[in-house]
There are 2 protein chains.
Amino acid sequence: MTDAPDPQRSTRDQILDEALKCFAERGYDGTSLNDIAAGVGIRRPSLLHHFPSKESLYEDLFERLLSDWMQRLEASIASPVSGWDKAELVLRAGFALFADTPDYVRIMRREALDGGGHLGIDLSAVLKPLFDSAVVYFDEQMRNGTFRTHDSRHLLITGYGAILTYFSDAPFIDELLEDKALTAQNVHDHCEHVIGFFRAALLN
Amino acid sequence: MTDAPDPQRSTRDQILDEALKCFAERGYDGTSLNDIAAGVGIRRPSLLHHFPSKESLYEDLFERLLSDWMQRLEASIASPVSGWDKAELVLRAGFALFADTPDYVRIMRREALDGGGHLGIDLSAVLKPLFDSAVVYFDEQMRNGTFRTHDSRHLLITGYGAILTYFSDAPFIDELLEDKALTAQNVHDHCEHVIGFFRAALLN
DNA sequence: ATCACTACCTACCAGTAGGTAGGCAAATGA
DNA sequence: TCATTTGCCTACCTACTGGTAGGTAGTGAT
């Protein structure tokens, strides 16, 4: 009540927000319902009034995460640009998306690490259509001669790793770069670098 | 005794082996001392006879991991090769190292994700000297004109992400590629791809 | 033989996890 | 107005956590 009133967002949404933060920070096992409830300013049983169990809370959260991402990604994927410009557009959209939702990235990474552990949701099954259509696109560009020849599938894995890691391992990377936090400037710099790197590898 | 005798390795080493497997698979919080003890075929108190606490077990494990890696990496780094050949050599050594010790990779990734959470060990401080000397090397090659110009620091981050991810997120990636497990063939394919990709981006 | 030591055990501890039961007060709607 | 519903609470449950106490069988040295 006195802690974090915010009459705007419903308690349910506040719980989802706090759970997102906690799960991203300390993982599923490392987060207790008490932690989340305390963050919202209520007791654990009150939290369980809104979500029947810890697992269902996580499921709801993860579903929201996935649909948010798919929605935003599909917008940029559907754009009519073509050739390198399209790759650059999607790359930039991905960066913007990740920079906007760094907690999502860390949860995603944990999920990939655990191999869909706690959850019934098969992450790769959801992403596979996107992956496959990207493969088709790259293969086409390579046949065209627009892009240099690489193995599209491995290329996409490499890109996935390069981009996701920058956000998921942010604290570690920041220390390596002696540069604090995911500032807008740093994100921008890394985005430009990745785009330049991929352009150098793909274009003649 | 009847379960997993193996008179070769000491109980202590068996515990470290099992702990490595469990921590890599389910993380620090997701692993209980009972899990580890059961894997070895002893009771929890017996495990705590060999290690004073869960945390100290993890510390011992992590220190062994780090020293193993540093030892193997420094061998390839110290080699007198130069130019692109050196980059390729280190890249191949890194791949071989990761392929040999996939559980180490996953623990490392968890550690990077948590930002050195459970432990006093500062991972980035240990790796920073290597990182910095790699930066010096790349900067030199770029001044030479041996490599195309990129931002060395970001380049290394990109490479780190690209390689580590392939191993840390293996289960997820395998499903995406519709190809089971980290077979020697798959690791080899991806290694060749990454090397080809980096060569294309770095050499004219 | 006895002492000390190692490696294991059972039994227990306090603390915390997720989850349930039931009560109370404010809002809601007929 | 009065019943219902909503949102929160305290109190409690069982299961399991990391860790301790104390005991025992086997071993090797004196």
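Hydrogens, waters and symmetry mates are skipped; everything else that's a heavy atom, side chains included, is used. Note that this is a predicted model, so its numbers are computed, not measured. Lettering of chains follows the sequences in order, A, B, ..., and the numbering in each one begins at 1.
We find that A:Glu88 and A:Arg199 are joined by a salt bridge, their nearest charged nitrogen and carboxylate oxygen being less than 4.0 Å apart. A salt bridge links B:Glu192 with B:Arg92: at least one charged nitrogen is closer than 4.0 Å to a carboxylate oxygen. A salt bridge links B:Asp60 to B:Arg12: one of the charged nitrogens lies within less than 4.0 Å of a carboxylate oxygen.
The nucleotide whose nearest atom lies closest to any side-chain atom of A:Ile42 is, among C:dA17, D:dC8, D:dT20, D:dC8. When distances run from any side-chain atom of A:Thr11 to the nucleotides D:dC8, D:dT10, C:dG19, the shortest one goes to D:dC8. Residue B:Pro45 has its side chain nearest to C:dT10 when only D:dT17, D:dG19, C:dT10 are considered. Closest to the B:Ser46 side chain, of the nucleotides C:dT6, D:dC8, C:dC9, is C:dC9. With D:dT6, C:dT6, C:dG19 as the choices, the nucleotide that has an atom nearest any side-chain atom of A:His49 turns out to be D:dT6. Nearest to the side chain of B:Asn34, among C:dA17, C:dG19, D:dT17, sits D:dT17. With D:dC12, D:dG19, D:dT6 as the candidates, the nucleotide lying closest to the side chain of B:Leu33 is D:dG19.
As judged by a 4.0 angstrom heavy-atom cut-off over every strand, B:Thr31 is placed among residues touching the sugar-phosphate backbone only.
Atom SG in B:Cys22 sits 13.0 Å away from atom OH in B:Tyr58 (nearest 0.5 Å).
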